[in-house]
Amino acid sequence: MAFSLPDLPYAHDALADLGMSAETLEFHHDIHHKAYVDNGNKLIAGTEWDGKSVEDIITGTYQSGAVAQSGIFNNASQHWNHTQFWEMMGPGTGGMPGELEKALTESFGSVEKFKEEFAAAGAGQFGSGWCWLVKDKDGSLRVTKTENGVNPLCFGQTALLGCDVWEHSYYIDFRNKRPAYLSNFLEKLVNWENVAARM
Ligand code: MN3
């Protein structure tokens, strides 16, 4: 099946009061995410990946390691990453579900310690990439960071929360202040119910 650009789960201006402007979402969703969808479809057409699921394309091309497939990997993974990212945020969501709070406290010592580790991973990713809260293959919760479009699927992990730290995600609203963007993301933008549902 060809990739298609999903609608945002909220209006473009729904997060403006929470630190992510309509202009950012217009560029990030309508232009950047759409480009991954369109370029991915062009590169995949007529290859062995035509008709495969986006998850199979990501893991298959990543494991092949073939340079010729890197364009397909990059666009497929960024399509998947952004689709998750939109769902992981939301306007006026409720607090953190108790089961998630308990799991984070058990794994990191406290919710605040988890947030510190997550923000440090995002701030410490040199260049473009993502930081993640993942459920690892052994069931443990971990904070990770990945470069460019690489994501937890590549390592057999479940992505519970991801934050895009490519400059296009924060430069309009936060200029070069990536740590401020990460702090705002954790305090105001995350849809913790969506994160809990992924556990
Ligand atoms: Mn992005």
Side-chain angles (χ1 to χ4, degrees), residues 2-16 18-44 54-55 57-59 61-62 70-91 93 118-134 143-155 157-191 194-195 198:
F3 300 158
S4 62
L5 181 68
D7 288 337
L8 283 175
Y10 30 75
H12 285 79
D13 62 359
L15 307 181
L18 303 171
M20 187 170 282
S21 64
E23 187 182 5
T24 286
L25 284 171
E26 284 159 10
F27 273 89
H28 201 174
H29 174 270
D30 302 3
I31 297 175
H32 289 284
H33 188 171
K34 183 173 189 298
Y36 298 127
V37 168
D38 292 345
N39 291 331
N41 283 334
K42 276 186 210 144
L43 290 167
I44 287 162
V54 64
E55 291 85 358
I57 295 169
I58 290 166
T59 53
T61 53
Y62 187 75
S70 61
I72 293 177
F73 170 78
N74 288 335
N75 286 284
S77 63
Q78 283 289 74
H79 169 43
W80 187 87
N81 291 347
H82 286 84
T83 300
Q84 313 310 309
F85 185 53
W86 312 134
E87 294 173 356
M88 289 162 170
M89 296 187 290
T93 55
F118 187 90
Q125 169 56 36
F126 184 76
S128 296
W130 295 74
C131 56
W132 305 93
L133 170 67
V134 304
V143 166
T144 67
K145 59 186 179 185
T146 57
E147 61 180 4
N148 300 320
V150 178
N151 67 41
L153 292 177
C154 302
F155 312 108
Q157 300 163 332
T158 303
L160 304 183
L161 178 64
C163 186
D164 187 341
V165 298
W166 287 56
E167 284 188 348
H168 66 222
S169 192
Y170 59 87
Y171 224 82
I172 291 171
D173 296 319
F174 291 91
R175 296 302 173 193
N176 59 330
K177 308 265 190 311
R178 192 193 285 184
Y181 158 77
L182 282 157
S183 170
N184 184 74
F185 174 80
L186 287 164
E187 296 309 322
K188 296 187 177 172
L189 288 169
V190 175
N191 179 346
N194 181 274
V195 177
R198 293 166 182 271

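Computation of the quantities below employed the complete heavy-atom set of this structure, encompassing side-chain atoms and omitting hydrogens, waters and symmetry-equivalent molecules. Counting from 1, the numbers follow the sequence of the chain as shown. Numbering of ligands and ligand atoms starts at 1, following listing order.
Atom-to-atom distance recorded for C163:SG and L189:CG is 8.5 Å, nearest 0.5 angstrom.
Ring orientation note: the planes of F73 and Y62 are tilted relative to one another, at an angle of 30° to 60°. Using cut-offs of 30° and 60° on the angle between ring planes, the pair Y36 and H168 is tilted.
Within the 4.5 Å cutoff, side-chain heavy atoms of H28 are placed close to those of D164.
Distances under 2.8 Å from the Mn ion (ligand 1) pick out the protein N/O/S atoms H28 NE2, H82 NE2, D164 OD2, H168 NE2.
Contacts of Y10 classified as ring-ring contact (aromatic ring centres under 6.0 Å, His included), with partners at least two apart in sequence or in another chain: none.
Between the side chains of W166 and H32, no donor-acceptor pair of N or O atoms lies under 3.5 Å.
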